[in-house]
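Sequence lines set the chain letters: A, B, ... in the order given, protein chains first and strands last, and positions in each chain run from 1. Keep in mind that this is a model prediction, so the values were computed, not measured.
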Amino acid sequence: MSREYLRQLPTHQREQARQTLAFRLHLDAPLLAGLLAITFFSLMVVYSAGGEDTGLLLRQGIRFALGFGCLFLAAQIPPRVYQFWTPVFFSIGLIMLVLVLVVGTEAKGAQRWLQLPGIGRFQPAEMMKLATPALVAWYFREKTLPPSTLEVCVALAIVLVPALLIGKQPDLGTAILIAFSGIAVLFVAGLSWKLIISASTLASIAAPLMYFYVLHDYQQRRVDTFFNPEADPLGAGWNIIQSKTAIGSGGIFGKGWLNGTQSRLDFLPESSTDFIFAVLAEELGLIGILILFSLYFFVIARGFWISLQAQNLFSRLLAAGLSLTFFSYVLVNAGMVSGVLPVVGVPLPLMSYGGTSIVTLLFSFGILMSLHTHRRLMG
Amino acid sequence: MRLRDRQRETQVIRTRLLLSTLIVALAFALLTSRMVWLQWLQHERFSALADQNRIQSQAISPPRGLILDRHGRILADNQPDFSLALVPEQTPEIEATLASIADIISLDEEQQESFRKQLQSRRRPWEPIPVRNRLNPEEIARLAEIRHEHPGIQIRAEAIRHYPYRELLSHVVGYVNRINAEDIARMDEATLANYSGTHFYGRSGIERQYEHLLHGRVGYRQVETNARGRVLRELSVTPPVPGQDVQLYLDIKVQQAATAALAGRRGAVVAIDPRNGGVIAFVSEPGYDPNLFVTGISVRDYAAYRDNPDRPLFNRAIQGQYPPGSTIKPIMGLAALQNGSTDWQYTINDPGIFYLPGSSRPIRDWKRGGHGRVNLEKAVVESCDTYFYDVSLKMGIDQISQVMRFFGFGQATGIDLPNERGGIMPDRDWKRATGRGGWFPGDTVNTSIGQGYMLATPLQLASSTAMIANRGKALVPRVSVQGDVPEHGEQFDIDASHFRRMTDAMEAVIHGPHGTARGISRNLPYRIAGKTGTAQVFSVAADVEYKNLNVAERLRDHALFIGYAPADHPTIAVAVLVENGEGGGSVAAPVARQVMDAWLLDDQGQWLNPAAEVSL
């Protein structure tokens, strides 16, 4: 696309990149190291939170193995393939979202699952977590930045359609996260400050209206609980009180691995899934949390770096978008568990037990590596 | 142009990426500060909360103190009992479980109903609810077989109260039964904490009076539990402090003798050691079996007691109020001597009939034809009513009631037993206050022979007799050696020679040729001073509903006797009441003698030196 751009890269980095084995395998060694470190952390804490259940540990290990397999495969696929298929995947995802609302399987009062014959249960929203930011990036692939107002409107439409469909399931948490992932791309693309400020003003006005007219009862309760967990200490507030207790009682150095009382004695609900952050905080203390935060920050920053190094707009925007999406999961989960954000059912990325999210997330990191390691070939 | 756009584009993205990095860094900084707040600054608070979650304090109930007689014989102790309880949280099908339990052990509808009632009431989660007590080994084995199907079944060993003497001591030792919501509501904070592991509470008698000594101090076991309340391990134990034993002045041998002497008749016997006020025997017949009450008396058993016309649950010794009859004549005589209304020389002529001044209505002496010439000594020995009619009018009701009150009538003695009644010592104020109008000379005359309005408990009779034995020194009867011993002390203000002559007259009641209780003096190796009495039964209203009973029997006079022995150095004062027993000398006095024999003689009927007797 642009020789000039390639020439802008520092020479030593190009040389180094050519030499490493990892690069030839289309893997980014620093990112892979960060992800493996988080994986190690996850296996350690899941083992403890699950009550030293080796079966559970094994299943989590298999899931990670599968995830890293996907990562490797995803990294081999050149970015132009992603770019080419993005609209197709988005469209398929959208169709499935509609199908979910029509013929989806209900669980816990929400229709989220699609029963696929021969494949099993499938959550289309999971796919949209990747497809939505990808389509926004795709949309801007040939555009001049910063985007015009019309372009912003189109991008917002791309974001809002899946978000609203998912919100209708209803799965407010995922809807917000998907909206965020698309808007994150828009932000990196240079969304004007005027729009950002007016939109956030609008949002702060809309939020209370949403609360009263859009949210379901159980969603309203979660918000109520967030503002006043002590009002219902044995009901809705239990989770937050117990997770704060787990975190706070961990102290600076923690109670030691396998020694958390809140999680091991079942006071902490969902300890191996949504509230695994509290288990880590209880057993490994502030030190453990700081290490985890550092790993997360490193992985996200590496994503930004890849975005910076990317050679075309699609790659840049997609790399930044995926990194910011990953960040948003960390923020929402850690914020929820530590009691600064409302309770939404979002797992701690790459830490929580189970779900398809480990595979999807590692797949997205595979895309990031692909974007980074195919640059030379593009020239 | 195109190239410039690309550069600007790169610039935009660079700026935004830098901004994003800053935002992410800021977000992590905020999250970190939140974690510092929770894990560093608020660490102690949350540590305490986490400990509160996992560490539970389980109360260990202290073993209840024993109740002993004066020789250390056990009157109430604790025996292991196996009981069946259900944990509702572990029993999904409660009714079905109850049904399968009822299939293999005896479990009547009443016990099931009681379980359901407790299930509905407020309770701690995971607390087992008792289903049945007193499982026998065979039942325990059968329950063990179905236990795996019903994880909520618990077989617990607990110590329950046992009363080896059963009916014999029911009215003095009392009983414990299950602690109830009212008991708990009455407790203050500290007491409530002390009872957190306790299942039984003193309900009557000594068990209730000395609950604070018998109970002891609760112990605690700190255990770690999970969120479902399951105990995982024990962290520490503070052992309970056992309840204090309570020793009584009571002598079981004398108690048995007194009960045997009543021979199944309704009545009461109270024996007090005048030297210290200690209660040697305390009998109210019939009694009941306190063991039936401990784990909850069945409706049928309770109905049997409640509907029994002999009222076995009624404590005649401290709650039965009877006209004291002639038994108060010695005190009446002392009262007259004290204010000079009579002296030992004063003599009346008793034709058997007495007229109040200005009245033509005859008031009769119990003895038809009268006693002839009567002085104070003869009036006591032969129990002449007319003499006291005459003298009482001279001294007046004010003097009578004042002296009678000194000897403990008209108010509770303050014995260490609950629910004591005070009887009635009528006077002008009492009569007006109770709406009976003004005081008439006829009221005074009636009072002088312990009839009319006057009522006294058998305990008051025993206590006043002990004061006579003490030559007028006041005392407060005590059942237990423990507890606060009240000051004994005030002395009745009268010349000592008057006292001596009065007690001589009381000795003549038994040992004199004309004494009303001379029948008990045969083969008596010691001397008794005493006084007989019969009390008219004015009303049988309370008993009328028992139509199948011989009502005439219930209209007969109550037989009374008071006395002390040995007459020169008294160590026992006794009051006997036999309901509808008629003869004070013939029925009540022999009971008193058997009680005194049991106290003063050994098993071979040989005289025991009272100085050698254990004095508590």
Geometric cation-pi criterion, Arg14(B) with Trp305(A): 6.0 Å, 45°: no

Heavy-atom pair of closest approach, residues Ala27(B) and Phe327(A): CB-CZ, 3.4 Å

Top contributor to chain B interface from Ala189(A), Ala301(A), Ala281(A) [non-hydrogen pairs under 4.5 Å]: Ala281(A)

Leu31(B) and Phe277(A), any side-chain heavy atoms less than 4.5 Å apart: no

Contacting moiety of Ala48(B), where chain A heavy atoms sit under 4.5 Å: neither

Distance (rounded to the nearest 0.5 Å) between Leu38(B) CG and Leu286(A) CG: 10.0 Å

Which atom of Ala50(B) lies closest to which atom of Gln262(A), heavy atoms considered: CA-OE1, 3.9 Å

Side chain / backbone / both / neither for Leu232(B) at chain A, heavy atoms under 4.5 Å: side chain

Portion of Arg54(B) that has a non-hydrogen atom of chain A nearer than 4.5 angstrom: both

From Ile23(B) atom CD1 to Ile300(A) atom CD1, the distance as rounded to the nearest 0.5 Å: 12.0 Å

Nearest-0.5 Å distance, CZ of residue Arg16(B) to CG of residue Leu317(A): 11.5 Å

Neighbour count above 12 (heavy atom, 6.0 Å) for Glu189(B) CD: no

Arg156(B) atom CZ, over 12 foreign heavy atoms within 6.0 Å: yes

Check: Arg34(B) side chain, Val340(A) main-chain N or O, donor-acceptor pair, under 3.5 Å: no

CZ (Phe82(B)) with more than 12 external heavy atoms under 6.0 Å: no

Neighbour count above 12 (heavy atom, 6.0 Å) for Glu93(B) CD: no

Enclosure of Glu149(B) CD (heavy-atom neighbours >12, cutoff 6.0 Å): yes

More than 12 heavy atoms from other groups under 6.0 Å of CD on Glu52(A): yes

Contact class of Glu224(B) relative to chain A, heavy atoms under 4.5 angstrom: side chain

Chain B contacts, top residue of Gly285(A), Ala320(A), Ala184(A), Ala246(A) (heavy-atom pairs, under 4.5 Å): Gly285(A)

Spatial distance of atom CG (Leu265(A)) from atom CD1 (Ile55(B)) [nearest 0.5 Å]: 10.0 Å

Geometric class of the Tyr296(A)/Phe28(B) ring pair [parallel <30°, tilted 30-60°, perpendicular >60°]: parallel

Which of Val12(B), Thr15(B), Ile13(B), Leu49(B) touches chain A most, by non-hydrogen pairs under 4.5 Å: Ile13(B)

Residue pair Arg316(A), Thr10(B): steps toward the side chain to side chain contact (heavy atoms under 4.5 Å, CB included) verdict: CA-CA 10 Å; Arg316(A) 288 187 166 191; Thr10(B) 308; 3.5 Å; yes

Greatest number of heavy atom pairs closer than 4.5 Å to chain A - which of Thr225(B), Asn53(B), Leu17(B): Asn53(B)

Gap between atom CD1 of Ile247(A) and atom CD of Gln42(B) - 0.5 Å precision: 12.5 Å

Minimum side-chain heavy-atom gap Leu313(A)-Glu9(B) below 4.5 Å: yes

Euclidean distance, Gln242(A) CD relative to Phe46(B) CZ, rounded to 0.5 Å: 10.5 Å

Nearest non-hydrogen partners of Gly248(A) and His43(B), listed with the distance: O-ND1, 2.8 Å

Close side-chain approach of Gln39(B) and Ile252(A), heavy atoms under 4.5 Å: no

